[in-house]
Amino acid sequence: MAKNKQLTKRSEDFSAWYNELIFRAELADHSPVRGSMVIRPWGYAIWENMQRALDDMFKDTGHQNVYFPLLIPMSFIEKEKDHVEGFKPELVVVTHAGGKELEEALVVRPTSETVVMSMMAKWIQSYRDLPMKLNQWVNVMRWELRTRLFLRTSEFLWQEGHTVHATAEEAEEHTRVMLGVYRNFMEDWMAMPPVTGLKSESEKFAGATRSYSCEAMMQDNKALQAGTSHFLGQNFSRQFDVKFQSEEGKEEFGWNTSWGVSTRLLGGLIMTHGDDRGLVLPPKIAPTQVIIVPVKDLDDGSVLEKANSLCSELKAQGIRAELDSRDFLSPGSKFYEWERKGVPIRLEVGPRDLENNQVVLAQRVVPGDSQKKEVLQQSEALRTMSKRLDDFQECLLKKAVIRREENTYRGIENIDELNEIMSGSGGYVYTGWSGDPTVEQTVKERTGATLRCIPEKEFRSSECPVRCIGGEKKSEMEVVWAKAY
RNA sequence: CGGGGCGUGGCGCAGUCCGGUAGCGCACCUGCUUUGGGAGCAGGGGGUCCCCGGUUCGAAUCCGGGCGCCCCGACCA
């Protein structure tokens with residue numbers, strides 16, 4: 001009977017598992033408009049926790065939040081040549097308003113570099129106004145032919161940071177600082193360890209001089225580009241006249257950066273930690289960290305009373321605890337529901353526990369994946385809860401790092417070998433590369449893998465490969481290949 | 001945009017070949033009994049069968065046209 005209540009297994013059909021999980025965990029739903037989604041309360045609560053953590057990190061690195069309008073004049077988008085070419089196919093354009101055709105079409109923002117720069121040009125006079133570091137939390141729209149909840153929808157939520165600096169060095173440095181912020185956030189909060197590095201010319205942001213990215217490995221061994229940080233050079237400054245007077249009194253163009261992460265991170269979260277029973281949430285971003293389920297209340301209501309007091313005591317410790325007091329569901333059905341939704345720890349309280357001052361504790365994930373419940377003294381449960389949540393968080397990160405390393409291949413020297421890995425289990429493959437874009441193209445065509453990034457030093461192999469994967473030339477750098485979302 | 005599949009209570013489907021009272025599971029509502037891993041019994045509510053047209057005494061079913069969604073490819077956070 002419980003058969004159709006179970007998720008499709010990851011091993012059977014990863015993609016079906018992903019979709020089902022989103023519906024069953026009540027994270028999101030399809031909207032009436034093709035390709036866009038509704039984020040439901042549980043999914044949005046997770047996003048809010050992520051936003052809060054990121055926002056604090058942005059503030060700590062000297063940024064201020066702003067809001068720029070949804071509509072951007074078409075002419076703005078067209079100013080930067082590469083930018084317009086990159087975005088043109090995805091633009092949603094407003095041509096009519098107030099019952100009349102507009103004189104100039106307006107674009108629903110696909111990203112806001114152009115409008116932000118146009119305003120910054122007005123606000124910046126001298127080097128004393130620099131650096132200017134702004135961020136906004138907004139929705140953006142890019143018309144997509146093929147969409148998937150969280151991973152690729154026509155409208156999505158994100159933050160976009162935009163900064164102006166007096167020197168190229170400072171801007172480049174800031175680009176990397178923000179890449180680091182993203183990486184720390186993904187590791188410390190989401191337990192989703194990315195490989196970070198530089199994008200190749202063909203993969204970089206439309207309009208950027210250089211793009212850096214965080215590439216997180218999903219459980220199907222595909223890479224998810226989970227955050228990007230761009231050094232824009234003076235490309236936008238020159239088009240939008242972002243000028244300042246330097247200390248020496250000279251007029252100069254500002255140097256820009258932009259960087260963003262989106263609700264796509266939620267897709268990454270699902271595919272990093274989710275299992276065949278449902279979502280698994282890192283405690284730090286879980287809307288509910290501990291769910292308390294009362295089992296069979298007594299006539300005097302003492303079970304519910306005890307459950308309630310445990311909940312208050314956990315809350316007093318700053319733990320996000322909730323009591324599930326719904327009386328029309330059986331305890332078992334609640335267990336499944338909260339597991340599906342990924343709550344890290346569950347406490348069960350019943351008449352038996354009342355007598356012995358104990359409580360039954362079940363963790364969503366435990367080392368070794370056993371599903372054993374523990375019986376604890378109530379005092380001990382209260383005393384150790386915070387540490388358990390920390391350990392849980394740490395355990396998820398460790399598991400994810402191990403999984404990434406187990407599916408990483410080094411010392412691969414030719415396309416055939418790479419192809420063999422890609423047509424099998426997949427994963428991250430490190431090889432040498434001459435820097436020749438035709439090699440990149442060939443690899444893509446023959447293996448389905450794309451050049452994810454030129455990794456930062458700490459990810460590189462101890463010995464740099466000597467041969468380019470293309471075979472003919474010498475290797476100039478080490479790169480990471482993977483199939484990608 | 002090319003290839004494939006599907007549109008039937010909220011969800012998942014059967015019924016379509018061979019036209020004849022619109023069904024099943026889950027969910028939902030009411031009551032009683034239950035409650036330590038998806039409760040049981042009894043009763044109940046809910047459908048323009050994607051849309052438009054045609055054939056027919058009669059269409060979910062046959063014919064014509066349209067629309068939508070999903071999957072697979074090229075483009076993308």
Side-chain angles (χ1 to χ4, degrees), chain A residues 1-8 13 15-16 19-20 23-24 26 29-35 85-91 110-111 139-160 182 199 202-206 208 211 213-216 223-230 258-268 277-278 293-298 303-304 307 324-340 346-356 358-362 371-373 375 444-445 448 450 484-485:
Chain A
M1 179 174 68
K3 203 176 171 189
N4 62 351
K5 293 187 172 181
Q6 259 156 43
L7 283 174
T8 299
D13 186 341
S15 169
N19 290 331
E20 283 174 30
F23 293 120
R24 304 284 294 280
E26 296 177 2
D29 208 340
H30 291 289
S31 88
V33 176
R34 192 197 75 91
E85 263 179 43
F87 280 110
K88 198 115 205 196
E90 307 186 273
L91 292 179
T111 178
N139 57 339
V140 287
M141 189 158 240
R142 302 176 185 180
W143 206 248
E144 297 289 350
L145 296 174
R146 211 171 138 187
T147 59
R148 294 198 63 190
L149 291 177
F150 292 117
L151 298 176
R152 173 159 293 107
T153 47
S154 286
E155 181 184 355
F156 57 91
L157 303 183
W158 79 346
Q159 66 54 226
E160 46 179 320
Y182 288 156
K199 282 293 193 186
S202 71
E203 296 275 340
K204 75 178 187 189
F205 172 70
S211 291
S213 74
C214 293
E215 303 286 333
L224 181 76
Q225 186 179 115
T228 49
S229 186
H230 315 290
S258 71
W259 26 275
V261 293
S262 70
T263 37
R264 182 178 238 204
L265 283 171
L266 277 159
R277 291 190 288 150
V293 179
V295 179
K296 186 172 165 46
D297 205 355
L298 299 170
V303 169
L304 203 57
D324 186 348
S325 58
R326 291 175 294 179
D327 59 2
F328 51 89
L329 287 179
S330 72
S333 142
K334 292 179 184 177
F335 298 166
Y336 280 103
E337 176 174 336
W338 293 112
E339 280 171 7
R340 212 159 49 227
R346 177 180 75 240
L347 291 181
E348 302 169 20
V349 191
R352 225 157 48 213
D353 306 307
L354 234 51
E355 262 173 54
N356 305 318
Q358 66 188 30
V359 67
V360 174
L361 182 146
Q371 278 186 49
K372 259 224 211 98
K373 297 182 186 180
V375 180
K444 191 174 172 181
E445 279 163 19
T450 50
Y485 275 98

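So that the names make sense, note that chain A is the first sequence line, chain B the second, and so on, each numbered from 1.
Atom NZ in A:Lys334 sits about 11 Å away from atom P in B:rA39, given to the nearest Å. Atom CD in A:Glu339 sits about 15 Å away from atom P in B:rG36, given to the nearest Å. Remark: P of B:rG31 and CG of A:Asp327 are 12 Å apart, rounded to the nearest angstrom. Taking atom CG on A:Asn19 and atom C1' on B:rC72, their separation rounds to 14 Å, with Å as the unit. Atom P of nucleotide B:rA74 and atom CH2 of A:Trp143 are separated by 22 Å, given to the nearest angstrom. Atoms CZ (A:Phe335) and P (B:rA39) sit 11 Å apart, rounded to a whole Å. Note: CG (A:Leu145) to P (B:rG3) measures 16 Å, nearest angstrom. Rounded to whole angstrom, the span from the OH atom of A:Tyr336 across to the C1' atom of B:rG36 amounts to 13 Å.
Contact annotation for A:Leu151: base contact, defined as any heavy-atom pair under 4.0 Å involving a base atom. Within 4.0 Å (heavy atoms only), A:Ser262 reaches at least one base atom of the nucleic acid. Residue-level contact check: A:Phe156 touches the bases, meaning some heavy atom is under 4.0 Å from a base atom. At the heavy-atom level, A:Arg340 lies under 4.0 Å from base atoms of the strands shown. Note on A:Thr153: a base of the nucleic acid sits closer than 4.0 angstrom, heavy atoms only.
Comparing A:Thr228 and A:Ser333 against RNA chain B, the residue whose closest nucleotide sits nearer the 5' end is A:Ser333. Each of A:Arg142 and A:Ser15 lies near RNA chain B, and the nucleotide nearest A:Ser15 is the one positioned closer to the 5' end.
Salt bridge annotation for A:Glu337-A:Arg346: absent, with no cationic side-chain nitrogen under 4.0 angstrom from a carboxylate oxygen.
In this structure, B:rC67 forms a base pair with B:rG7, meeting either the Watson-Crick or the G-U wobble geometry with both donor-acceptor distances under 3.5 Å. With a cut-off of 3.5 Å on both pairing distances, B:rC18 has no Watson-Crick or G-U wobble partner at all. Across all strands shown, the partner of B:rG2 is B:rC72, judged by Watson-Crick or G-U wobble contacts whose two distances both fall under 3.5 Å. Using Watson-Crick or G-U wobble geometry with both donor-acceptor distances under 3.5 Å, B:rC49 finds no partner in any strand shown. In a base pair of the Watson-Crick type (N1 to N3 plus N6-O4 or O6-N4) or a G-U wobble (N1-O2 and O6-N3), with each distance short of 3.5 Å, B:rG12 is matched with B:rC24. Taking a pair to require two hydrogen-bonding distances under 3.5 Å in either a Watson-Crick or a G-U wobble arrangement, B:rC32 pairs with B:rG40.
A:Phe156 does not carry A:Arg264 over the face of its six-membered ring by the limits of under 6.0 Å from the centre and within 45° of the normal.
You won't find any donor-acceptor pair under 3.5 Å spanning the side chain of A:Arg277 and the base of B:rG37, going by distance alone. Residue side chain A:Lys373 reaches the base of B:rG37 through a donor-acceptor N/O pair under 3.5 Å, judged by distance alone.
Going from the P atom of B:rC50 to that of B:rC57 covers 25 Å, rounded to whole Å. Rounded to whole Å, the separation between the C1' atoms of B:rG36 and B:rA22 comes to 43 Å. On the C1' atoms, B:rG10 is 33 Å away from B:rG3, given to the nearest whole Å. Nucleotides B:rU16 and B:rC63 place their P atoms 14 Å apart, quoted to the nearest Å. Taking atom P in both B:rA27 and B:rA39, the straight-line distance is 9 Å, to the nearest Å. On the C1' atoms, B:rU61 is 9 Å away from B:rG15, given to the nearest whole Å. Atom P of B:rG4 sits at a distance of 46 Å from the matching atom of B:rG38, rounded to the whole Å.
For A:Glu90 (side chain) and A:Glu144 (main-chain N/O), no donor-acceptor pair under 3.5 Å exists by modelled atom type.
Taking the side chain as every heavy atom from C-beta outward, A:Thr263 and A:Thr153 never approach each other to under 4.5 Å. No side-chain heavy atom of A:Val140 sits less than 4.5 Å from a side-chain heavy atom of A:Pro110. Counting only heavy atoms from C-beta outward, the side chains of A:Val295 and A:Val303 never approach each other to under 4.5 Å. With contacts defined as side-chain heavy-atom distances shorter than 4.5 Å, the pair A:Lys199/A:Phe205 does not qualify.
Side-chain N/O atoms of A:Arg146 include one lying less than 4.0 angstrom from OP1 or OP2 on B:rG73. Between A:Arg148 and the phosphate of B:rC70, there is no side-chain N or O to OP1/OP2 separation shorter than 4.0 Å.
For the side chain to side chain contact (heavy atoms under 4.5 Å, CB included) with A:Ser211, the lone residue among A:Glu203, A:Gln225, A:Lys204 that qualifies is A:Lys204. Looking at A:Gln6, A:Arg340, A:Glu339 one by one, the single match for side chain to side chain contact (heavy atoms under 4.5 Å, CB included) with A:Arg277 turns out to be A:Glu339.
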Could you list all N or O pairs between the protein and nucleotides 4-10 of chain B that sit under 3.5 Å apart?
none

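In the set B:rA77, B:rG36, B:rG38, the nucleotide with an atom closest to the side chain of A:Arg352 is B:rG36.
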